[in-house]
Amino acid sequence: MQNRIKALLEEIANLTAVTTEEVEALRIKYLSKKGEVAKLFDDFKTVSAEEKRALGQQLNQLKNKATDTINQLRENLSLQHSEVDSIDWSRTAYPHRLGTRHPLTLVKEEICEIFARMGFSIAEGPEIEDDWHVFSSLNFAEDHPARDMQDTFFIQHQPDVVLRTHTSSVQSRVMEETQPPIRIICPGRVYRNEVISYRAHCFFHQVEALYVDKNVSFADLKQVLLYFAQEMFGPDTKIRLRPSYFPFTEPSAEMDISCNICGGEGCAFCKYTGWVEILGCGMVDPNVLENCGIDSSIYSGYALGMGIERITNLKYRVKDLRLFSENDQRFLEQFKSVH
């Protein structure tokens, strides 16, 4: 029995474990009711009276040694786990790659910030809209080309429900729910049924502005346009207004800015005219005001709208519209340092 006790003491002195499961297996092997130490205590009952005193001390020493060793192994593993638990496993592995905001987001935020300085607040609305807010309330005739399936996405089996083709629908909702003065900008995504190419897409982004109050004039609109153009493209930027037509404004105009690439001298980008079109605008048609519950004999207003992709193209000289939606990391990483 002494030889067995000595052999077990040597085994226990060399015990190791790397998991809690291994520690538990060692406890069962040596200290359970059917373990090695328990077997020796069973055999101890048959030992002669002369040997019991010495063997009993050795057995107690063996049991204490096994208990202390296994408890120490368990404690060591517990300390290791606490260190591991303190690690933030959600952190990005080194080296850290810096992300960036999307170029369209950068330009949208810059546009909104410029208009915020002029007292405009942001208004938003649903992308899935009804015919009234997208077309009818905005003075679109029943046979207007914009209602054609080639331009508008209609929801199947719901002919009066569409994907909005412009954020003007937000303007009509605000005018229905709010009495003047109204001074808002409406950024958001819009949809048109067009073939995707380097210069067109089936979805894109707009920012539209609306100001309705007493005695609002075209001169007020022109001053806002000039301020925006010079804040966005530089203090030397010039603007010009050309007569145009939009169902919801009268009179209507399109605004050009002096080409910020060639400085107005003429280049391939501006087709050697020195001017680049960036937005449409005009005085809100009285019919639109009346449709939305605003008395056009008391109030007047102006509206303007621009494509964010168009402004981004001008600001960063992006030639292919598809790059904005392809999530190409090589393209997006170019805007890391842009804030």
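These numbers come from the heavy atoms of this one structure, side chains and all, not from hydrogens, waters or symmetry mates.
Look at Asp328 and Arg322 and you find no salt bridge, because none of the NZ, NE, NH1 or NH2 atoms lies under 4.0 Å from a carboxylate O. Between Arg117 and Glu113, at least one side-chain nitrogen of the basic residue sits less than 4.0 Å from a carboxylate oxygen of the acidic one, meeting the salt-bridge criterion. Between Glu277 and Arg310, none of the side-chain N atoms (NZ, or NE/NH1/NH2) sits under 4.0 Å from a carboxylate O, so this pair counts as no salt bridge.
With rounding to the nearest 0.5 angstrom, the CG atom of Leu314 is 10.0 Å from the CE atom of Met232. Between the SG atom of Cys259 and the NZ atom of Lys271 there is a distance of 12.0 Å, given to the nearest 0.5 Å.
The closest donor-acceptor contact from the side chain of Thr105 to the backbone of Arg101 lies at 3.5 Å or more, if one exists at all. At least one donor-acceptor pair closer than 3.5 Å links the side chain of His102 to the backbone N or O of Leu104. Distance alone, capped at 3.5 Å, is enough to place a donor-acceptor pair between the Gln230 side chain and the Thr237 backbone. Side chain of Thr273 to backbone of Cys270: a donor-acceptor contact under 3.5 angstrom is found. With Thr167 contributing its side chain and Val170 its backbone, the two residues share no donor-acceptor pair below 3.5 Å. At least one donor-acceptor pair closer than 3.5 Å links the side chain of Ser32 to the backbone N or O of Ile28. A donor-acceptor pair is defined here as one N or O able to donate and one able to accept, closer than 3.5 Å; such a pair exists between the side chain of Ser172 and the backbone of Ser169. Between the side chain of Arg192 and the backbone N or O of Ala200, no donor-acceptor pair lies under 3.5 Å. Between the side chain of Asp220 and the backbone N or O of Val216, no donor-acceptor pair lies under 3.5 Å. No side-chain donor-acceptor contact under 3.5 Å links Asn139 to the backbone of Phe248.
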Q. Can you list the steps and then say if Glu24 with Arg27 is a salt bridge (Lys or Arg N to Asp or Glu O under 4.0 Å)?
A. CA-CA 5 Å; Glu24 180 63 15; Arg27 186 195 68 78; 2.8 Å; yes
Q: List the steps and the verdict of ring pair (Phe, Tyr, Trp, His ring centres under 6.0 Å) for Phe335 and Tyr316.
A: CA-CA 10 Å; Phe335 299 89; Tyr316 299 123; 5.2 Å; yes
(Q) One pair to check against ring pair (Phe, Tyr, Trp, His ring centres under 6.0 Å): Phe140 and His166. What are the steps and the verdict? (A) CA-CA 13 Å; Phe140 280 81; His166 47 199; 5.7 Å; yes
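Shown here is Gln179, whose CD atom has more than 12 heavy atoms of other residues, nucleotides or ligands within 6.0 Å. Few gaps surround NZ on Lys315; more than 12 heavy atoms of other groups in view lie less than 6.0 Å from it. Within a 6.0 Å radius of CD1 in Ile155, more than 12 heavy atoms belonging to other residues, nucleotides or ligands are found. By the neighbour-count criterion of 12 heavy atoms within 6.0 Å, atom CD of Glu265 is sparsely surrounded, having that number or fewer from other residues, nucleotides or ligands. Remark: Asn215 CG is loosely packed, at most 12 non-hydrogen atoms of other residues, nucleotides or ligands lying under 6.0 Å away.
Taking the side-chain hydrogen bond (donor to acceptor under 3.5 Å, both in side chains) definition, one finds that Asp68 meets it with nothing, sequence neighbours left out.
Applying the salt bridge (Lys or Arg N to Asp or Glu O under 4.0 Å) test to pairs two or more places apart or on separate chains, those with a residue in residues 244-256 are Arg240-Asp256, Arg242-Glu254, Arg242-Asp256.
Phe154 has its side chain out of reach of Gln156: every pair of non-hydrogen atoms, C-beta onward, lies at least 4.5 Å apart.
The cluster map of Ile, Leu, Val, Met, Phe, Trp and Tyr, joined by side-chain heavy atoms under 4.5 Å apart, puts Tyr227 and Phe115 in the same cluster. Residues Tyr302 and Leu226 share a hydrophobic cluster, clusters being chains of Ile/Leu/Val/Met/Phe/Trp/Tyr side chains in contact below 4.5 Å. When the side chains of ILVMFWY residues are joined at heavy-atom separations under 4.5 Å, either directly or via intervening members, Ile257 and Tyr272 end up in two distinct hydrophobic clusters.
Under the side-chain contact (heavy atoms from CB on, under 4.5 Å) rule, Leu210 has a single partner from Ile185, Leu304, Ile182, which is Ile182.
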